[in-house]
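The chains referred to below are lettered A, B, ... by the order of the sequence lines, with proteins before strands, and numbering in each begins at 1.
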2 protein chains.
Amino acid sequence: MLPVMSNEAGWRCHGNLWSDLSQVCDLLNIPTPLNSTDEEALFQHVRFKAGQRIHTIGQNFEALYVVNSGFLKTVLIDEYGNEQVLSFPMKGDLLGIDGIHNQQHASEAVALSDCDIIILPYKAFANLGRSYVELEHAMFSVMSRELVREQLMIGMLSALSAEAKVARFLTTLGERFSQLGYSGKSFNLRMTRHEIGSYLGLTLETVSRTLSAFNEMGLISVDQREICLLDTTALKTLRRLPPAKTRNKVSEKVSVMVGKKLLPQWGSETAVAV
Amino acid sequence: MLPVMSNEAGWRCHGNLWSDLSQVCDLLNIPTPLNSTDEEALFQHVRFKAGQRIHTIGQNFEALYVVNSGFLKTVLIDEYGNEQVLSFPMKGDLLGIDGIHNQQHASEAVALSDCDIIILPYKAFANLGRSYVELEHAMFSVMSRELVREQLMIGMLSALSAEAKVARFLTTLGERFSQLGYSGKSFNLRMTRHEIGSYLGLTLETVSRTLSAFNEMGLISVDQREICLLDTTALKTLRRLPPAKTRNKVSEKVSVMVGKKLLPQWGSETAVAV
DNA sequence: CGTCCTATTGACAATCCTCAAGGTGCGTGG
DNA sequence: CCACGCACCTTGAGGATTGTCAATAGGACG
């Protein structure tokens with residue numbers, strides 16, 4: 001007989017699987033506390049079907065979530081109801097951090113595929129952190145990691161062209177897949193062109209056109225959501241494509257358009273004290 | 001005789017002022033631990049001149065920093081040496097969180113004016129967190145707040161037009177000033193147009209033109225770095241210029257000369273009649 | 001007074017968005 | 001099974017928003 005409960009987001013809890021602290025730490029890619037089996041803390045798994053929400057905006061903050069399997073998106077909703085995609089979490093990612101401040105969630109997490117999520121009740125987890133010094137530091141580290149990731153995202157959104165954004169999106173996605181043991185070259189997009197566009201600050205048409213252009217240039221092959229990265233180094237260093245007219249197919253090796261003048265470096269200030 | 005030391009960023013430490021934990025918590029706007037004077041932990045102030053760096057990219061992470069006075073920017077440096085501005089910290093803001101992960105700083109903090117900064121040695125501060133339960137939670141909360149702020153930044157960069165970005169930049173800056181007790185309507189920009197543009201993902205020319213347009217429309221008055229917000233509600237709700245069709249429709253007939261500029265507001269309830 | 005940094009403004013170009021018209025794949029119901 | 005609807009994707013045309021380049025001017029400072 002399994003306990004069944006439901007929360008504001010409307011998911012059902014089957015409660016048929018549990019993980020201990022060392023498994024959670026493994027998943028999060030942080031060092032496992034040495035005296036792990038000391039206290040038998042167990043954390044419940046919950047399954048979500050594609051389309052279900054793990055937490056919603058404004059929902060009271062109770063727990064953090066670790067993705068054990070599946071693919072999700074996190075979104076903001078603006079005043080007109082438009083979604084703004086913030087991230088595409090997958091296995092090993094931590095969700096819900098934004099809820100700590102103000103005790104309620106500032107964003108929404110939606111399953112893009114069937115997902116298996118581990119619930120970390122915040123209070124209990126924080127208490128564990130106070131007993132295991134390493135765990136507390138690891139929590140700070142994970143939050144810091146998220147912050148750095150978002151900083152890089154801001155830099156990308158501000159500075160890069162549409163092509164460079166899409167190229168970088170593909171390569172980082174590939175890197176994440178290979179870190180998880182999947183192929184980093186050939187994978188399936190779990191999100192629509194519209195969601196990619198929202199994430200990158202582009203329209204879905206621009207995303208589609210850019211993918212087609214990469215396909216023609218031989219940098220990738222793309223068929224609907226099936227992607228193959230053919231020239232990752234070119235993708236990684238690509239800044240801007242030449243005008244379509246002068247654009248050569250695969251023949252031209254140097255696909256890297258650098259040509260950016262160095263902006264004057266905020267001068268002689270270097271604060272080198274004496 | 002004052003102790004003088006220097007670190008990798010090259011700043012000098014005058015060591016002439018110290019704050020206790022309750023003062024630091026006050027500054028950070030988090031609840032003060034009840035048993036505050038319990039342990040006499042003191043944190044050193046350091047002064048930085050305009051242009052000096054508080055920490056640099058790659059520098060070993062040792063401490064967090066709280067701004068006691070002054071204005072700063074935090075930046076990333078891309079592969080060509082271009083600066084990407086991430087934030088403009090001021091009094092009460094926490095710096096250096098990005099260094100926790102990987103034990104080294106991922107960004108650079110530069111003083112835009114003379115600054116007074118409080119040093120929080122990370123290890124000592126984390127230890128305090130373990131004794132004072134509230135402090136640990138407060139630290140999580142501050143980091144969560146930063147994350148939420150960056151999420152909103154991402155949403156803004158992705159979704160808003162140049163005008164809306166600049167408008168929102170001005171109003172949030174005004175709000176921060178008034179929370180600090182200064183005027184939220186009339187203030188001095190501490191950063192260049194170039195830095196604003198980098199922060200907002202625009203060129204300095206676009207920033208300058210937008211400010212001039214707001215000035216002509218009577219939303220603000222601007223003279224170099226002196227800003228006066230005249231219609232904050234219009235600024236806050238301004239979203240996007242109308243599509244060409246609807247814009248031309250109005251000015252087509254009689255008021256061609258007068259209304260040609262940017263007159264018809266979009267998403268702004270307060271009609272700006274000139 | 002000259003130099004450097006910053007800001008403003010104009011002319012022009014192009015990147016990217018908007019609008020529009022198909023096309024493909026998939027589930028559902030006749 | 002096929003037709004149909006629906007969501008997603010592709011591609012094109014055209015234009016607007018924004019970047020690029022350039023010229024000018026003001027301020028700070030040695």
Using C1' atoms of five pairs at each end, report the bend of the helix from dC1(C)-dG30(D) to dG30(C)-dC1(D) rounded to 10 degrees.
30°

Please write out the pairs of protein N or O atoms and N or O atoms of nucleotides 9-12 of chain D separated by less than 3.5 Å, giving the distance to one decimal.
| from | atom 1 | to | atom 2 | distance (Å) |
| --- | --- | --- | --- | --- |
| dC9(D) | OP1 | Arg225(A) | NE | 3.0 |
| dC9(D) | OP2 | Arg193(A) | N | 2.8 |
| dT10(D) | OP1 | Arg193(A) | NH2 | 3.1 |
| dT10(D) | OP2 | Arg193(A) | NE | 2.8 |
| dT10(D) | OP2 | Arg193(A) | NH2 | 3.3 |
| dT10(D) | OP2 | Ser208(A) | OG | 2.7 |
| dT10(D) | O5' | Ser208(A) | OG | 3.2 |
| dT11(D) | OP2 | Ser212(A) | OG | 2.6 |
| dG12(D) | N7 | Arg209(A) | NH1 | 2.6 |
| dG12(D) | O6 | Arg209(A) | NH2 | 3.2 |

How long is the gap from OG on Ser69(B) to CG on Leu180(B), to the nearest 0.5 Å?
11.0 Å

Whole angstrom is fine here: how far is it from CD in Glu216(B) over to P in dG10(C)?
9 Å

Base, sugar-phosphate or nothing for Gly201(B)? Non-hydrogen atoms, less than 4.0 Å.
sugar-phosphate

Do any N or O atoms from the side chain of Gln84(B) and from the backbone of Ser198(B) form a donor-acceptor pair under 3.5 angstrom?
yes

Could you tell me how the ring of Tyr65(B) sits relative to the ring of His105(B): parallel (under 30°), tilted (30 to 60°) or perpendicular (over 60°)?
tilted

Rounded to the Å, how far apart are Leu200(B) CG and dG19(D) C1'?
15 Å

When rounded to the nearest 0.5 angstrom, what is the spacing between OG in Ser221(B) and CD1 in Ile227(B)?
7.5 Å

Charged N to carboxylate O under 4.0 angstrom, Arg149(A) versus Asp93(A)?
no

Answer yes if the ring centres of Phe88(B) and Tyr199(B) are under 6.0 angstrom apart, and no otherwise.
yes

When you compare the side chains of Ser87(A) and Thr74(A), does any donor N or O come within less than 3.5 Å of an acceptor on the partner?
yes

Does a sphere of radius 6.0 Å around NZ in Lys91(B) hold more than 12 heavy atoms from other residues, nucleotides or ligands, not counting ones at 6.0 Å or beyond?
no

